[in-house]
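These notes are about the structure you will find just below.
Only heavy atoms go into these numbers, but all of them, side chains included; no hydrogens, no water, no symmetry mates. Throughout, a chain's letter reflects where its sequence line sits, starting with A, and its residues are numbered from 1.
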Amino acid sequence: MSETKQPVLLHDTLSGGKTELQTLIPGQVGIYCCGPTVYGLTHLGNTRAAVVPDVMVRFLRHEGYEVKYVRNLTDIDDKIIARANEEGVEAKDLANRFIDAYHHDLADLNLLDPDVEPRVSEHMSQIIELIESLVTLGLAYAVDGDVYYRVRSFGPYGQLSHRSLDELLEGAGSRIDVDERKESPLDFALWKAVKPDEPSWESPWGAGRPGWHIECSAMSSTHLGDTFDIHCGGRDLIFPHHENEIAQSQGAHGQGTFARYWVHNGFINFDGEKMSKSLGNFFTTRQITELYDPETVRYFLLTVHYRSGLNFELEVPCPSCGALLAKEDQESGKCPACGHESSPEVLKQRVRFPGLEDADDRLAYIYRTLAGARAFLANAKRPGNEEPPLESVSSLVEAFSAHLRNDFNTGGALGELSKPLNEVNGLLASGKGVSKAVRYRTIETIVQAMGEVAAMLGCFGQEPEAWLLRRRDSKAARIGLDVAQVEELLAQRIAARVAKDWAAADRIRDELAKWGVGVQDGPDGSVWSFL
RNA sequence: GGCGGCAUGGCCAAGUGGUUAAGGCGACGGUCUGCAAAAUCGUUACCCCCGGUUCGACUCCGGGUGCCGCCUCCA
């Protein structure tokens, strides 16, 4: 597999277009992902930024690459310190707490562990060493225990964000309070002298701590070398974070070093605007996974190309008439359509996330198909003669990977699932029109193909029956549905149907429908699910 | 103000210089069903506007309009 790889295209922010991935060492890929600053719970945007490289890593491994995946944790930072001081705890303890939460949340979403997960606090000597060499090279200067990067002396500054020094200077003067001790407003801190109530480390410039950007330069070269393949992160990191990383790393290690490709994911938008902690319009991943299966969230994030914005919508229907409430009405609680007034608590329980509902239904469809396929295989006899499976199924893996090879186009790839799944459902329902061998082989092949898809995507890999059951039960728990009671009614209904007492059967079905439960009657009994 | 991105059916969303412009949701009609549901079959787009390049553009170039982002912490 590793001998002849098909080209993988990716969009590189630096060159501004799609290029073919040519790894530094053939067959190997080094990826550095800017992980979170751990001062709060992970929000959906952070999660997307972790899921995107996760799929890249899975896919490149599937393509036969040996991948070294490094994702850092920024555990020393202004906001961590501020928050810790507010809470009256050690910054380190606060950081650790949110690191645990981060790990927990990501594991839920079936994220692979990175091969290395470096922390700033554990790379102090490398950071100091890097700053020292920048000082020695004349690219940095110390003032009163602070050390700043001398941006002007790094010629290519602005290459990633496609901005010139002049443009940047115009903005800088007007929008930030300029520290008079800096030679230029653009200069940024590599090292910050200790202030009261702050953790600090000894350095040649006195006690202090690293500035925000230096850690990624230091940790990436420590774990991937001065030059490596892919550096990824959210779009908002392009400037200044990644621009500054380039200045630091190339400043110290020379032109042509550092990341060869820059991959940046788009934002999650909420109400059409960027979801962010500073705007306060964010949802933590945990809030969402309490309502929906984590795999649903993962699937949802992958339905759209990673570079695009992903709109996260919220709907609040009126509990009385079902009309969707506008933002003002959500706050007042009064429905303009029917005049019904609801308390905030009631409305909160009614909140729906249409994108996730769709994703959940789709995932259920896929798992139901898979469950059906497995059941078929378990019961059917393997035909003696071999015949090829239906084309849509036999070509699925290739069609799917082709999309991922094209800048990790998960949205396009997911679209390739429809036809084969659809045809398999047809075969499951009836063997009309095809030979037994084709039917069997097609169903057998879809199970196998979906296994490969699962390896690439990190979705669809669970036990179908278990997933379906868990989804049903967790949703039941969420809305306070008594499953035993549902089962009881269902049993009564089955009895009524056997007795051909349609009126009673329909009455029970109506009753269940009031609870949001639907029934499906099949040749061998009835099952229930959510409407 | 500077820089960057986006604009595809009712909604979401892939994609291509010229064949039938994926897929999902929704809607409508059929099959199945005691009736339903689920599943399945069928129907549902000429790609923001104006110029240009081209034999031919939704796809390339220029302009316009609109939305979003970055320029300050941010995934």
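- Taking side-chain N and O atoms only, A:N311 has no distance below 4.0 Å to OP1 or OP2 of B:C68.
- Pair check for B:C67 finds B:G5; Watson-Crick or G-U wobble, both atom distances under 3.5 Å.
- Using a 4.0 Å cut-off, some side-chain N or O of A:K274 falls inside it from OP1 or OP2 of B:C70.
- In this structure, B:G42 forms a base pair with B:C28, meeting either the Watson-Crick or the G-U wobble geometry with both donor-acceptor distances under 3.5 Å.
- The partner of B:A22 cannot be assigned: no Watson-Crick or G-U wobble pair with both contacts below 3.5 Å exists in any strand.
- Comparing A:V304 and A:S529 by the nucleotide of RNA chain B that holds the closest heavy atom to each, the one mapping nearer the 5' end is A:V304.
- The only option from A:F258, A:Y261, A:Y69 that meets the ring-ring contact (aromatic ring centres under 6.0 Å, His included) definition with A:F228 turns out to be A:F258.
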Item checked: side-chain contact (heavy atoms from CB on, under 4.5 Å) between A:K192 and A:D78, worked out -> CA-CA 10 Å; A:K192 298 177 172 185; A:D78 290 352; 3.1 Å; yes
Hey, what are the protein-to-nucleotides 3-6 of chain B N/O distances that come in under 3.5 Å?
from: B:C3; atom 1: O2'; to: A:H162; atom 2: O; distance (Å): 3.2

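- Nucleotide B:C35: unpaired (no Watson-Crick or G-U wobble partner with both distances less than 3.5 Å).
- Ring geometry for A:H231 versus A:H242: interplanar angle over 60°, hence perpendicular rather than tilted (30 to 60°).
- At the heavy-atom level, A:I238 lies nowhere under 4.0 Å from the strands shown.
- An OP1 or OP2 oxygen of B:G15 is reached within less than 4.0 angstrom by a side-chain nitrogen or oxygen of A:N409.
- Atoms CZ and OG1, on A:F408 and A:T410 in that order, are 10.5 Å from each other to the nearest 0.5 Å.
- Between A:R493 and the options A:D521, A:D501, A:D510, a salt bridge (Lys or Arg N to Asp or Glu O under 4.0 Å) holds for only A:D521.
- The side chain of A:R368 contributes an N or O atom lying less than 4.0 Å from OP1 or OP2 of B:A39.
- For A:D361 and B:G26, the CG to C1' distance is 12 Å, given to the nearest whole Å.
- Distances shorter than 4.0 Å separate some side-chain N or O of A:N46 from OP1 or OP2 on B:A75.
- Judged by Watson-Crick or G-U wobble contacts below 3.5 Å, the nucleotide B:A14 has no partner.
- Using a 4.0 Å heavy-atom distance criterion, A:G415 is classed as a base contact.
- Between A:T13 and the options A:H162, A:H264, A:R307, a side-chain hydrogen bond (donor to acceptor under 3.5 Å, both in side chains) holds for only A:H264.
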